[in-house]
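Below is one structure, written out as structure tokens; comments come after it.
The model shown is predicted, which means the values in this text are computed figures rather than measured ones.
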Amino acid sequence: MKKIILLLLFGLLALSACGREMWLKGEVIGRETDENGNLTAIVTETETHGIVRFLIAEDTVVDQLNGKVTVEDFLENDAAYPVVSVYADANTMTFAPYEGEEGTLTYAAILIHLEGSYETSTTIPIDGTTLTVQENGNDNGISWKMAHCSLQNLYS
């Protein structure tokens, strides 16, 4: 099975040399679903391209490389925000609005690798500000995010 996956990855990498596909890695920071609750897009904060939205179609492949988040959790659980590597079709690049921001870079996802997992819990402090705390399963670090604040990392 691992040989098949490796051959598939090498084949996909060979295709990327044509300039029509690309790999982007980042943390999922947003999820979009249709009226039936099916995951239709993820929004990631990537290492190289900033905020990028990836559209998920029926033929998009999702697999788990490591971490605690399973494919089923990722597709069905609104609290699943893992680190992912996404193989996308660069020819599908568009700019679409996301959370009121115009011009969010958007691509059609071909393959999504679930690379790391986060345990997420959200609380609402007394002043009404939402605080999201995430424990990174790979780095043993803790991240927190508040409205109008940047992501902070705390390591024990």
Looking only at heavy atoms, which two atoms of [X] and [Y] are closest? And how far apart?
{"X": "Ala109", "Y": "Val86", "answer": "CB-CG1, 3.8 Å"}
{"X": "Phe74", "Y": "Ala80", "answer": "CA-CB, 4.1 Å"}
{"X": "Tyr107", "Y": "Ala88", "answer": "CB-CB, 3.8 Å"}

In Å and rounded to the nearest 0.5 Å, what is the [atom1] to [atom2] distance from [X] to [Y]?
{"X": "Ile110", "Y": "Trp23", "atom1": "CD1", "atom2": "CH2", "answer": "9.5 Å"}
{"X": "Met93", "Y": "His49", "atom1": "CE", "atom2": "NE2", "answer": "9.0 Å"}
{"X": "Leu39", "Y": "Asn77", "atom1": "CG", "atom2": "CG", "answer": "11.0 Å"}

**Complete:** Checking Thr46, Val62, Val69, Leu114 against Val84 for side-chain contact (heavy atoms from CB on, under 4.5 Å), the one that qualifies is Leu114
**Request:** State which residues pass side-chain contact (heavy atoms from CB on, under 4.5 Å) with Val61; sequence neighbours excluded, sorted by chain then number.
**Result:** Leu111
**Prompt:** Partners of Thr94 by side-chain contact (heavy atoms from CB on, under 4.5 Å), sequence neighbours excluded?
**Reply:** Thr106
Student check: side-chain heavy atoms of [X] and [Y] closer than 4.5 Å:
{"X": "Glu21", "Y": "Tyr87", "value": "yes"}
{"X": "Val52", "Y": "Leu24", "value": "yes"}
{"X": "Ile56", "Y": "Ile112", "value": "yes"}

**Message:** Can you list everything that forms a salt bridge (Lys or Arg N to Asp or Glu O under 4.0 Å) with Asp59? Sequence neighbours excluded, please.
**Reply:** none
**Prompt:** Which residue pairs pass the salt bridge (charged side-chain N to carboxylate O under 4.0 Å, His left out) test when at least one of the two sits in residues 76-93, sequence neighbours left out?
**Reply:** Arg31-Asp78
Report the residues that fulfil side-chain hydrogen bond (donor to acceptor under 3.5 Å, both in side chains) with [X], sequence neighbours left out, ordered by chain and then residue number.
{"X": "Glu72", "value": "none"}
{"X": "Arg53", "value": "Glu32"}
{"X": "Thr40", "value": "none"}
{"X": "Asn38", "value": "Asp34"}

**Prompt:** Are Ile51 and Leu55 linked, directly or through other ILVMFWY residues, by side chains that come within less than 4.5 angstrom of each other?
**Reply:** no
